[in-house]
*Asks:* 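This structure is in structure tokens; I'll ask about it shortly.
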Protein chains: 2
Amino acid sequence: MTLEMVAARAGVARQTVSNAINSPELLRPQTLERVQRAIDELGYRPHRAAQALRTRASKLIGYGIRSSQAGVPTPVLDQFLHSLSEAADQAGYRVVLFAVTPGDDELTGYQQLLDEHGADGFVLSGTDRGDRRQGWLHERGVPFVAFGRTWSGRDVGDWVDVDGAAGTSAAVRHLAALGHRKIGFLGWPKGSGVGDDRARGWQSTMRELGLPTRGRRVESPDDPASAAEAAERLLAGGVTAVVAASDTLALGWYQALRHGGRTPGADAAVIGFDDSPIAPLLFPSLSSLAQPLDAVGRECMRLLLNRLSDTRRPTEHVLLAPELVLRESV
Amino acid sequence: MTLEMVAARAGVARQTVSNAINSPELLRPQTLERVQRAIDELGYRPHRAAQALRTRASKLIGYGIRSSQAGVPTPVLDQFLHSLSEAADQAGYRVVLFAVTPGDDELTGYQQLLDEHGADGFVLSGTDRGDRRQGWLHERGVPFVAFGRTWSGRDVGDWVDVDGAAGTSAAVRHLAALGHRKIGFLGWPKGSGVGDDRARGWQSTMRELGLPTRGRRVESPDDPASAAEAAERLLAGGVTAVVAASDTLALGWYQALRHGGRTPGADAAVIGFDDSPIAPLLFPSLSSLAQPLDAVGRECMRLLLNRLSDTRRPTEHVLLAPELVLRESV
DNA sequence: TAATGTTTTTGGAACGCTCCAATGGCAGAA
DNA sequence: TTCTGCCATTGGAGCGTTCCAAAAACATTA
């Protein structure tokens, strides 16, 4: 099924069919309709490779998928990928995956796809401090958008991120409205961009509400056992409600409460972060701050399309507020 | 960067460079080396679109990603996608995502990609009873592999699946070796292929070991509250250990035990299924049957590549045993 | 009717690659 | 030296599309 075949059926020239698809305003309405009918009847669709070759644009967006075993498990990936693909589809693009081995040659995957003209732009996620990808792509003038802020200084490109501070702030306000005054924060060790951001929202909102923060903030790595230890310290301080930097940490709070013979939810409230699959399953079910991943995917695609249409435009940044999902734990 | 440029640098003809890449055995060793050096120095990589156009093969594998909200949460997606991309990369292929809206026009996404010559084959997952995709692709002679058996009768293509029966069988054996005799099964309502398969492994192995199964099997939908109710019935029957069809169901068992003032692990053992992210986080941590997703991805790719190289070969099926991950719950 | 301008349609060329058939080089035999 | 046969290398053609400039159709005015 080619242009030529459609053209033959409509009784026009090859190029006229091409125009019917790409610049319909050039055709006489009557001709357009005739060509359109031929296209529909034959179920014609342009050959992607031929288009790519001629227009020098693959209409593909690269997404480097890292081996998850090393460190962070990239929890939310699939919903994000779904909304990304959907938004891409709508714009006539598709998402192409390629394996990335984190480490020294993390960039070779990107290099290769670029050399092969296998992608017009990239979506990054899991951008960490000291991530070299943004700088590298920026230098080369390759369009990209990151899910996750550029924590380290320089503005090197577009990004979309979830506003952790806004989330914990909303959590604090909600707990305060319920009458809690001694509201603690169960966070990660300082130094991670994401974690510090989430702590900041708690800190500033507590201050705003005139509530004390001294001794109400504890730190723990992201596992329930350590979190439980840290939580004990908050309990010792008489804290009645807690905002946690992750659902895993919130789980530590559950364990600390139970250890003291108390019941989560009834005796002391907690709000987690990420609304991971465990949240609704726990007993009592855990309130949490859900990342608006559908919106993140859509926004990533929007920024990237803008960038693709004009490499020189000023960079754009989007912060999306997470949604407070209330369950039995408050 | 084109063949012509590499050829100029190496002092040979365009086609010779092409041969150096695709059929190196045709070249005189000395020429090959010279061309190879030119390729390396210039960092040349063939233009994918040009190759695709000429060879009529996109070297892309389609993966339809469904909106996850509707029903099954497809928990494991990301690790599977990773191993799939990695295996694809190794064979010079890439995975391209496209959005699929489950329902009537579920097939249009596949149709479209096919018409555009945007993929050479497909990987399916989440294949359910009454899934029309396999039959549809089979009729058209499109290469594909499914992650998940074709539960409904006819053999319409290659698949790779996790052997649920083998998993629950191993779980029963392990519990029996620990001295348990009253081993229950906490499963889903009959009628789902996956669930029945997992039940079967428990059933047959119990019989093999001469252990009674009557009244030891209960059913519940996949949420902890319902599962807890079902678990109560097992407890009432004096069951001391349980194999669950999912980690969510196992969680129900935890709750039922706690409700009766008993401690999971210490007082009664349980083994879940899927080794979902919650398993290590629970207290006590949950033993579970981990799906070998890396292997599944690799095998899917292997079968698909075989199929791509020869459409007419007999269908092939691969069953992979899940791995028993032991934690505190036993 | 012819000349002019404008809109619509057309055919050739090119994107970068691989297929194919043909050419050139070289060794051994006549 | 010339011929035969084999192996290494080459140039032309074409995959299906869009760019571009030229041609044709049509409308408008002289």
Side-chain angles (χ1 to χ4, degrees), chain A residues 1-39 42-60 92-94 112-120, chain B residues 1-39 42-60 92-94 112-120:
Chain A
M1 184 57 44
T2 73
L3 276 184
E4 206 78 53
M5 299 167 77
V6 179
R9 176 168 248 259
V12 296
R14 170 174 37 81
Q15 180 61 38
T16 302
V17 181
S18 175
N19 285 337
I21 294 168
N22 300 304
S23 324
E25 74 282 1
L26 289 181
L27 301 205
R28 225 168 41 201
Q30 172 196 354
T31 318
L32 177 57
E33 204 217 346
R34 193 150 41 94
V35 174
Q36 195 55 257
R37 188 164 48 239
I39 290 177
L42 294 174
Y44 167 79
R45 285 186 194 285
H47 194 302
R48 291 291 264 232
Q51 284 185 313
L53 182 58
R54 180 68 247 225
T55 64
R56 345 205 88 248
S58 64
K59 294 278 181 178
L60 291 174
Y93 281 79
R94 293 235 165 73
Q112 185 174 341
L113 204 53
L114 238 31
D115 290 346
E116 291 172 347
H117 301 265
D120 302 339
Chain B
M1 182 57 45
T2 72
L3 276 184
E4 206 79 54
M5 300 165 77
V6 179
R9 177 168 249 257
V12 295
R14 170 174 37 81
Q15 180 61 37
T16 302
V17 182
S18 175
N19 286 335
I21 294 169
N22 300 304
S23 322
E25 75 282 0
L26 289 180
L27 301 204
R28 225 166 46 203
Q30 172 195 353
T31 318
L32 178 57
E33 203 217 347
R34 194 150 39 95
V35 173
Q36 196 55 258
R37 187 164 48 239
I39 290 177
L42 294 174
Y44 167 79
R45 285 188 194 284
H47 194 300
R48 290 293 264 234
Q51 282 185 313
L53 183 58
R54 180 68 246 223
T55 64
R56 345 206 86 248
S58 64
K59 294 277 181 178
L60 291 174
Y93 281 79
R94 293 233 166 75
Q112 184 174 342
L113 203 54
L114 238 31
D115 290 345
E116 292 171 345
H117 300 266
D120 302 338

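Convention: sequence-line order gives letters A, B, ...; per-chain numbering from 1. Keep in mind the model is a prediction, meaning the values are calculated, not measured.
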*Asks:* Could you check if a side-chain atom of B/L27 sits within less than 4.5 angstrom of a side-chain atom of B/T16, using non-hydrogen atoms only?
*Replies:*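 When only atoms from C-beta onward are counted, B/T16 and B/L27 do touch, with a gap below 4.5 Å.
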*Asks:* Within the distance-only criterion (no hydrogens, no angle test), does the side chain of A/D120 pair as donor or acceptor with the backbone N or O of A/K59 below 3.5 angstrom?
*Replies:*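 Yes, A/D120 side chain to A/K59 backbone: donor-acceptor pair under 3.5 Å.
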*Asks:* For A/E33, enumerate each residue passing the side chain to side chain donor-acceptor pair (under 3.5 Å) test, keeping only those at least two apart in sequence or located in another chain.
*Replies:*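 Applying side chain to side chain donor-acceptor pair (under 3.5 Å) to A/E33 gives none.
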*Asks:* Between the side chain of A/R34 and the main-chain N/O of A/A10, is any donor-acceptor distance below 3.5 Å?
*Replies:*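 Checking the backbone N and O of A/A10 against the side chain of A/R34, a donor-acceptor pair under 3.5 Å is found.
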*Asks:* Walking along DNA chain C from 5' to 3', note the first and the last nucleotide with an atom under 4.0 Å from a heavy atom of chain B, and give both.
*Replies:*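 Answer, 5' to 3': C/dG16 to C/dC20.
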*Asks:* Spell out protein contact along nucleotides 17-23 of chain D as letters: B when the base is contacted, S when just the sugar-phosphate is, - when no protein heavy atom is under 4.0 Å; keep the 5' to 3' order.
*Replies:* BBBB---
*Asks:* How long is the line joining CG of B/L26 and P of D/dC7, in whole Å?
*Replies:*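 Answer to the nearest Å: 11 Å.
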*Asks:* Quick one: does A/D115's side chain get under 4.5 Å of A/Q112's, heavy atoms only?
*Replies:*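 No, their side chains stay 4.5 Å or more apart.
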*Asks:* Let me know, please, whether B/R56 or B/P29 comes out on the 5' side of the other along DNA chain D by nearest nucleotide.
*Replies:*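 This one resolves to B/P29.
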*Asks:* What's the spacing between B/N22 CG and B/T55 OG1 if we round to 0.5 Å?
*Replies:*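 Answer rounded to 0.5 Å: 9.5 Å.
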*Asks:* Quick one: pull up CZ in A/R56 and CG in A/L53 and give me the separation to the nearest 0.5 Å.
*Replies:*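 With rounding to 0.5 Å, CZ (A/R56) is 7.5 Å from CG (A/L53).
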*Asks:* Pairs of donor and acceptor atoms involving the side chains of residues 42-51 of chain A, under 3.5 Å and at least two apart or interchain, shall be tabulated with distances.
*Replies:*
unit_1	atom_1	unit_2	atom_2	d
A/H47	ND1	A/A49	N	3.2
A/R48	NH1	B/E116	OE2	3.4
A/R48	NH2	A/G92	O	3.2

*Asks:* Please give me the minimum heavy-atom distance between B/A20 and B/L32, naming the atom from each residue.
*Replies:*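 That closest heavy-atom pairing would be CB-CD1, 3.9 Å.
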*Asks:* If you count the non-hydrogen atoms of other residues, nucleotides and ligands that lie under 6.0 Å from CD in A/E25, is the total more than 12?
*Replies:*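 Above 12, so yes.
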*Asks:* What I'd like to find out is whether the side chain of A/I21 reaches to under 4.5 Å of the side chain of A/I39, using heavy atoms alone.
*Replies:*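 Yes, at least one pair of side-chain atoms sits under 4.5 Å.
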*Asks:* Bend angle of the helix from C/dT1-D/dA30 to C/dA30-D/dT1 from five-pair axes at both ends, rounded to 10°?
*Replies:*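 About 70° separates the two local helix axes.
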*Asks:* Does B/S58 reach the main-chain N or O of B/L60 with its side chain, forming a donor-acceptor pair under 3.5 Å?
*Replies:*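 Yes, the answer is positive, given that a donor and an acceptor are paired below the 3.5 Å cut-off.
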*Asks:* What does the list of N/O pairs under 3.5 Å between the protein and nucleotides 25-27 of chain D look like, with a distance for each?
*Replies:*
none

*Asks:* Is there a side-chain contact between A/V6 and A/V12 (heavy atoms, below 4.5 Å)?
*Replies:*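 A/V6 vs A/V12: side chains apart.
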